[in-house]
Number of protein chains: 2
Amino acid sequence: MTQDISTREQRPYHHGDLHRAIVEAALDVLSESQSTEFSLRELARRAGVSHNAPYKHFADKRELLGAVSAVGFELLAERMADATKELDSPRQRLAAMARAYVGGGVNNPALYRLMFGGYLAGQDEGRPAIERTAAYNMKALIVAAISDGALGRPIADNEANTRTIDGAILVFWSQMHGLTLLLADRLVGPGDKMEELTENVLHAMLDGLVNSIPAVPEGVWIGPPLAG
Amino acid sequence: MTQDISTREQRPYHHGDLHRAIVEAALDVLSESQSTEFSLRELARRAGVSHNAPYKHFADKRELLGAVSAVGFELLAERMADATKELDSPRQRLAAMARAYVGGGVNNPALYRLMFGGYLAGQDEGRPAIERTAAYNMKALIVAAISDGALGRPIADNEANTRTIDGAILVFWSQMHGLTLLLADRLVGPGDKMEELTENVLHAMLDGLVNSIPAVPEGVWIGPPLAG
DNA sequence: GGAAGATGTTGACATTGTCCACTTTAACCC
DNA sequence: GGGTTAAAGTGGACAATGTCAACATCTTCC
């Protein structure tokens, strides 16, 4: 304690939790500007540190964005979990997750694109473990709803049904993914009809799956990040 | 003519068609690097002009990317038109277009993202007219297939059916858009199962639409760029 | 209490998008 | 045809950025 309490207005040499501060600043700037083209230096400025301090916590701008993406996954997983709480009907749960998914994406398209939009598509293993966990949790919720009968009949979550369940998830996910991006990018609108459109598309898709599920061929993986 | 014919190996002061050359270079670099983060200056180098010459043809990097996107739309529209040629069955035509769409996106994800990925999402009117035309042509092909009975029964392309047809297109487009991006970003794989997966998802979706089409509410637009 | 490592800082460098002033060429008008 | 004008290309400048290297300061832990 070399600092005088009354005079220590300037923060100490060490920030305390720069890692978190930088990620939060990045999340803020990303959400405001809806672009990943902000500068590391601005984040440093916002955190009140020198332009090079972030490099002690992230090798790269890429790595930083990976961390931001991971936070996005955690937020989304939480949203989806919250949405299904207190819902008994498995179909209702599945629908609620879809709404949370689409809503999250539309609410922050830039973050959504960062998470799913192949910025890190090539280098797969660079993504933080937290992200995988969040993705795993999301998938588990969906599988549970399906196995509980969300698609008209219970489908036990066992080896024999894997390809069927994965097929259902693929249809579900790609439909919602596409809808989210069309809405987020304003390729479909207007904005105040989004909920209604989501409801329409969602239930048409679920009804289709109730009718028949196209099983996925052997050897197909759904994810990462939705890796199980 | 101050130039000696035998000595004029260095190109003339004026390039001749720099506009096209730059766009083509951009398309090349984009396709190779799968990223929009190339530099205008490199394009200039490739075209053999000074770093500032491109600015006589494009106000901005944004504007250049807009032109590249427009080319992408033309290519895609052409692909889709080719795919339906010589196909009688309307359902076959719709399926063929879907395959062309997904295939195009998976083949060049960066271009696809540039076209549909909201890089120019905010500023809508900056997009070249050519792009709108191409998008319009694509939509017309789809509408024709649907009206010819691709979804089990003919649905005349008239005022009374607009919302139904738009509803079908929304389901169709969002499903294929989502699938394309999941495949392109390797969120689903492996790569050599793409055709099979596409076929599965596609026909499940079409069957669903045959069964029932969720009409779109009043006032909804599909596009731009799929503006009608 | 001192060494080692983590965290921050300053300075430097090549690269980039974009502005400006200038030059060269082609097109057009009388 | 000769001269004006506008289009197309050039070179230089500037601030900003990602990233590297060398140095400073604080913490931790034997």
Side-chain angles (χ1 to χ4, degrees), chain A residues 1-5 7-26 28-30 32-33 35-69 114 119-120 123 126, chain B residues 1-5 7-26 29-30 32-33 35-69 114 119-120 122-123 126:
Chain A
M1 275 307 146
T2 69
Q3 287 275 15
D4 179 20
I5 285 187
T7 326
R8 62 164 169 75
E9 256 320 327
Q10 51 279 47
R11 38 213 111 14
Y13 192 83
H14 284 99
H15 177 287
D17 200 355
L18 225 206
H19 188 101
R20 182 183 311 275
I22 292 288
V23 172
E24 274 172 14
D28 286 352
V29 176
L30 178 73
E32 286 163 20
S33 72
S35 161
T36 52
E37 284 170 4
F38 53 79
S39 75
L40 273 199
R41 287 161 110 109
E42 179 178 346
L43 303 185
R45 270 175 240 129
R46 290 205 178 203
V49 294
S50 85
H51 70 256
N52 245 327
Y55 281 88
K56 297 292 143 124
H57 299 271
F58 308 95
D60 238 20
K61 187 177 179 184
R62 235 183 168 66
E63 194 171 301
L64 193 233
L65 288 177
V68 174
S69 163
L114 175 63
Y119 184 86
L120 306 160
Q123 182 29 313
Chain B
M1 273 305 149
T2 69
Q3 287 274 15
D4 179 19
I5 285 188
T7 325
R8 62 163 170 76
E9 257 320 329
Q10 50 277 48
R11 39 215 109 14
Y13 193 83
H14 284 100
H15 177 286
D17 200 355
L18 226 205
H19 187 102
R20 182 182 311 274
I22 292 288
V23 172
E24 273 172 14
V29 176
L30 179 73
E32 286 163 20
S33 71
S35 160
T36 52
E37 284 170 4
F38 52 80
S39 76
L40 273 199
R41 287 160 110 110
E42 178 178 348
L43 304 186
R45 270 173 239 130
R46 291 206 177 201
V49 296
S50 85
H51 69 257
N52 245 327
Y55 280 88
K56 296 291 143 123
H57 299 271
F58 307 95
D60 237 23
K61 187 178 180 185
R62 235 185 167 65
E63 193 171 302
L64 193 233
L65 288 176
V68 174
S69 163
L114 176 62
Y119 184 86
L120 305 160
Q123 182 28 316

Calculate the interatomic distance between [X] atom [atom1] and [N] atom [atom2]; express it in whole Å.
| X | N | atom1 | atom2 | value |
| --- | --- | --- | --- | --- |
| B:R20 | D:dA8 | CZ | P | 14 Å |
| B:D60 | C:dT16 | CG | P | 17 Å |
| A:K56 | D:dA21 | NZ | P | 12 Å |
| B:F58 | D:dA7 | CZ | P | 16 Å |
| B:E37 | C:dT15 | CD | P | 17 Å |
| B:R41 | D:dA13 | CZ | P | 13 Å |
| B:L65 | C:dT16 | CG | P | 15 Å |
| B:L40 | D:dG9 | CG | P | 14 Å |

Minimum-distance nucleotide to [X] side chain [options: [options]]:
| X | options | answer |
| --- | --- | --- |
| B:H51 | D:dA13, C:dG17, C:dT7 | D:dA13 |
| A:H57 | D:dG9, C:dG17, C:dG8 | C:dG8 |
| A:R45 | C:dT7, D:dT17, D:dG11 | D:dT17 |
| B:N52 | C:dC19, C:dT9, D:dG18 | C:dC19 |
| B:L18 | C:dG8, D:dG18, D:dG9 | D:dG9 |

Do the side chains of [Y] and [X] get nearer than 4.5 Å, heavy atoms only?
| X | Y | value |
| --- | --- | --- |
| B:V29 | B:E42 | yes |
| B:H57 | B:I22 | no |
| A:L43 | A:L64 | yes |

Under the ring-ring contact (aromatic ring centres under 6.0 Å, His included) test, which residues partner A:Y55, sequence neighbours left out? none
Between A:S50 and C:dT10, is there a side-chain N or O to OP1/OP2 distance below 4.0 Å? no
Taking B:K61 for its side chain and B:F38 for its backbone only, find out whether a donor-acceptor pair lies under 3.5 Å. yes
Donor-acceptor pair (no angle test) under 3.5 Å: A:K61 side chain, D:dG18 base: no
